[in-house]
Amino acid sequence: AGMIQTLHQRKDGSTFPVEVSLRPFAAEGKSLMVVVARDITARQLAELHLKEANERFQQFAENINEAFWIRDLEEDRFLYISPAFETLFRRPVSSLYQNARAFLGAVHPDDLERVTAAFVWQREHRQGIELEYRIIVGDHVIRWLWVRTFPILSEQGTVYRMAGIAEDMTRRREYDEQYRAMIQASLDGFLALDTQGRIMDCNDAYTRIMGYSREELLQLSIADLDF
């Protein structure tokens with residue numbers, strides 16, 4: 001018995017791929033062969049489409065600055081990790097393929113418990129998470145990461161994988177801290193409001209101007225203040 005793939009030619013001269021299986025048998029003292037030919041045009045087209053989709057995925061994932069991954073929740077292992085991980089964490093991708101929790105070794109000690117709990121919650125509840133935390137890379141360099149994960153459904157509609165993306169937001173955090181320090185040092189009053197007009201933050205100058213403590217102001221909205 002055996003199987004081969006070849007091309008057959010129709011009467012009109014067109015060709016198409018076939019999968020041919022061969023099975024010998026004996027009848028009336030003669031050795032015969034059963035040949036079954038299956039048109040595999042549709043299957044090859046599907047495989048080609050999948051290959052092209054995989055190539056497009058590779059081009060996307062390997063040319064973005066953010067680290068991207070796909071993780072199997074049942075086996076708790078990484079199926080794919082983009083090359084940007086090595087740039088971001090300064091660790092080989094192979095370390096994560098060998099141990100899915102290896103990335104936790106880079107997490108800042110002050111953030112480790114929170115980050116570990118978030119990823120445990122993600123696996124138990126099969127839901128995405130979004131968080132910011134610090135990692136320590138190289139020669140004690142601290143980086144801030146913004147991480148978001150989102151579920152992938154199986155054909156049965158159940159969550160069986162989780163995809164994620166990690167972005168280096170260190171410069172943005174540094175800018176925010178510098179901006180906050182500048183506002184805090186200002187002699188003018190500054191407020192930060194949410195979309196409903198509630199006070200989310202303020203500087204010391206504003207508390208002096210209004211006569212409220214910061215804690216009191218954070219309980220108010222802009223409508224509560226008498227201008």
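Any value given below was found using the heavy atoms of this structure, including those in side chains, with hydrogens, waters and symmetry copies removed.
- At least one side-chain heavy atom of W69 sits less than 4.5 Å from a side-chain heavy atom of T149.
- Closest heavy-atom contact between D188 and A205: O-CB, 3.4 Å.
- By the rule that hydrophobic residues join a cluster once side-chain heavy atoms approach within less than 4.5 Å of another member, I142 and L104 end up as members of separate clusters.
- Considering only heavy atoms from C-beta on, Y160 stays 4.5 Å or farther from L73 through its side chain.
- Around the CD atom of E113, the shell of radius 6.0 Å holds no more than 12 heavy atoms that belong to other residues, nucleotides or ligands.
- No side-chain heavy atom of L88 sits less than 4.5 Å from a side-chain heavy atom of E167.
- Between I81 and L96, the shortest heavy-atom distance links the atoms CD1-CB, 3.3 Å.
- Using a 4.5 Å heavy-atom cutoff, the side chains of L193 and I199 are in contact.
- Looking at V147 and I129, their side chains never come closer than 4.5 Å, going by heavy atoms from C-beta outward.
- Taking both residues in full, the closest heavy atoms of G138 and R90 are given as CA-NH1, 3.6 Å, listed atom of the first, atom of the second, then distance.
- Taking each heavy atom of V159 and L153 in turn, the nearest pair found is CG2-CD2, 3.5 Å.
- With respect to the salt-bridge test (charged N to carboxylate O, under 4.0 angstrom), the residues R214 and D204 do not qualify.
- Counting heavy atoms from C-beta outward, L225 and L217 have side chains that approach closer than 4.5 Å.
- Looking at N203, its side chain does come within 3.5 Å of a backbone N or O of F190 through a donor-acceptor pair.
- The two residues W144 and T170 have their closest heavy-atom pair at N-OG1, 2.9 Å.
- The cluster map of Ile, Leu, Val, Met, Phe, Trp and Tyr, joined by side-chain heavy atoms under 4.5 Å apart, puts V107 and V141 in the same cluster.
- The backbone N or O of L131 lies less than 3.5 Å from no partner atom in the side chain of R114, so there is not a single donor-acceptor pair.
- The neighbour count for R10 CZ, taken as heavy atoms of other residues, nucleotides or ligands under 6.0 Å away, is above 12.
- Using cut-offs of 30° and 60° for the angle between ring planes, the F150 and F68 rings count as tilted.
- Side-chain contact between S82 and I165 is absent, with no heavy-atom pair separated by less than 4.5 Å.
- When all heavy atoms of Q127 and M162 are compared, the pair lying nearest together is O-CE, 3.7 Å.
- Using a 4.0 Å cut-off between charged side-chain N and carboxylate O, E132 and R172 make no salt bridge.
- Checked against a 6.0 Å centroid threshold, the rings of F78 and F85 do not count as neighbours.
- Separation of atoms OG1 (T116) and CG (D111) is listed at 10.0 Å; rounding is to 0.5 Å.
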Practice problem: With side chain to side chain contact (heavy atoms under 4.5 Å, CB included) as the test, would you mind laying out the steps for R126 and T158 before giving the verdict? | Solution: CA-CA 9 Å; R126 305 298 174 100; T158 59; over 6 Å; no
